[in-house]
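Everything numeric here is computed off the predicted structure, so don't read it as measured data.
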Amino acid sequence: MQEQYFKDEKIKEKNKREKERELVESIVKTRERLKVLNNNFECVDSNMIDYYTYELKASQSKLDYLIRLAKNHGISLDMMEAIKIKLYSQNDEVV
């Protein structure tokens with residue numbers, strides 16, 4: 001006997017504005033992560049240099065990719081700053 005599983009709710013498609021907002025939030029969070037990684041890298045023990053080098057390079061590549069996507073979608077810097085301010089006011093800290 002086979003059981004069929006149904007989702008309780010349909011997955012809601014995101015509209016263009018929601019996708020842009022999510023992209024900008026990712027850019028802001030990645031930028032903040034890079035700042036933290038840079039600070040940690042400056043104080044790191046010699047055993048962790050390779051780890052932080054890898055993390056910095058990966059985060060920088062991610063940020064470059066996200067910024068390219070934002071430019072292709074015509075997202076402006078003003079929109080990024082507005083969302084960054086909202087994120088700080090909601091969470092006190094961007095992760």
Can you tell me how far apart [atom1] ([X]) and [atom2] ([Y]) are? Round to the nearest 0.5 Å.
X	Y	atom1	atom2	value
Arg68	Leu63	CZ	CG	10.0 Å
Glu25	Glu18	CD	CD	10.5 Å
Thr30	Ile67	OG1	CD1	9.0 Å

request  = Apply side-chain contact (heavy atoms from CB on, under 4.5 Å) to Asn39 and list each qualifying residue two or more places apart in sequence or on a separate chain.
outcome  =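 Partners of Asn39 by the side-chain contact (heavy atoms from CB on, under 4.5 Å) criterion come out as none, since no residue qualifies.
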task = For Ala70 and Ile27, work out which heavy atoms get closest and say how close.
result =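 Shortest heavy-atom contact: CB-CD1, 3.7 Å.
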Identify every side-chain donor-acceptor pair in residues 40-50 under 3.5 Å, counting partners at least two apart or on other chains, and give the distances.
unit_1: Asp45; atom_1: OD2; unit_2: Asn47; atom_2: ND2; d: 3.4

Salt bridge present between Lys35 and Glu32 (N-O < 4.0 angstrom) =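 Salt bridge between Lys35 and Glu32, a charged N being under 4.0 Å from a carboxylate O: yes.
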ask   = Should Val36 and Val28 be counted in the same cluster of Ile, Leu, Val, Met, Phe, Trp and Tyr side chains packed under 4.5 Å apart?
value =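 Val36 and Val28: separate clusters.
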Scan the side chains in residues 54-62 for donor-acceptor partners under 3.5 Å anywhere in the protein, sequence neighbours excluded, and list what turns up.
unit_1: Glu55; atom_1: OE1; unit_2: Arg33; atom_2: NH2; d: 2.6
unit_1: Ser59; atom_1: OG; unit_2: Glu55; atom_2: O; d: 3.1
unit_1: Gln60; atom_1: NE2; unit_2: Asp64; atom_2: OD1; d: 2.9
unit_1: Ser61; atom_1: OG; unit_2: Lys57; atom_2: O; d: 3.1

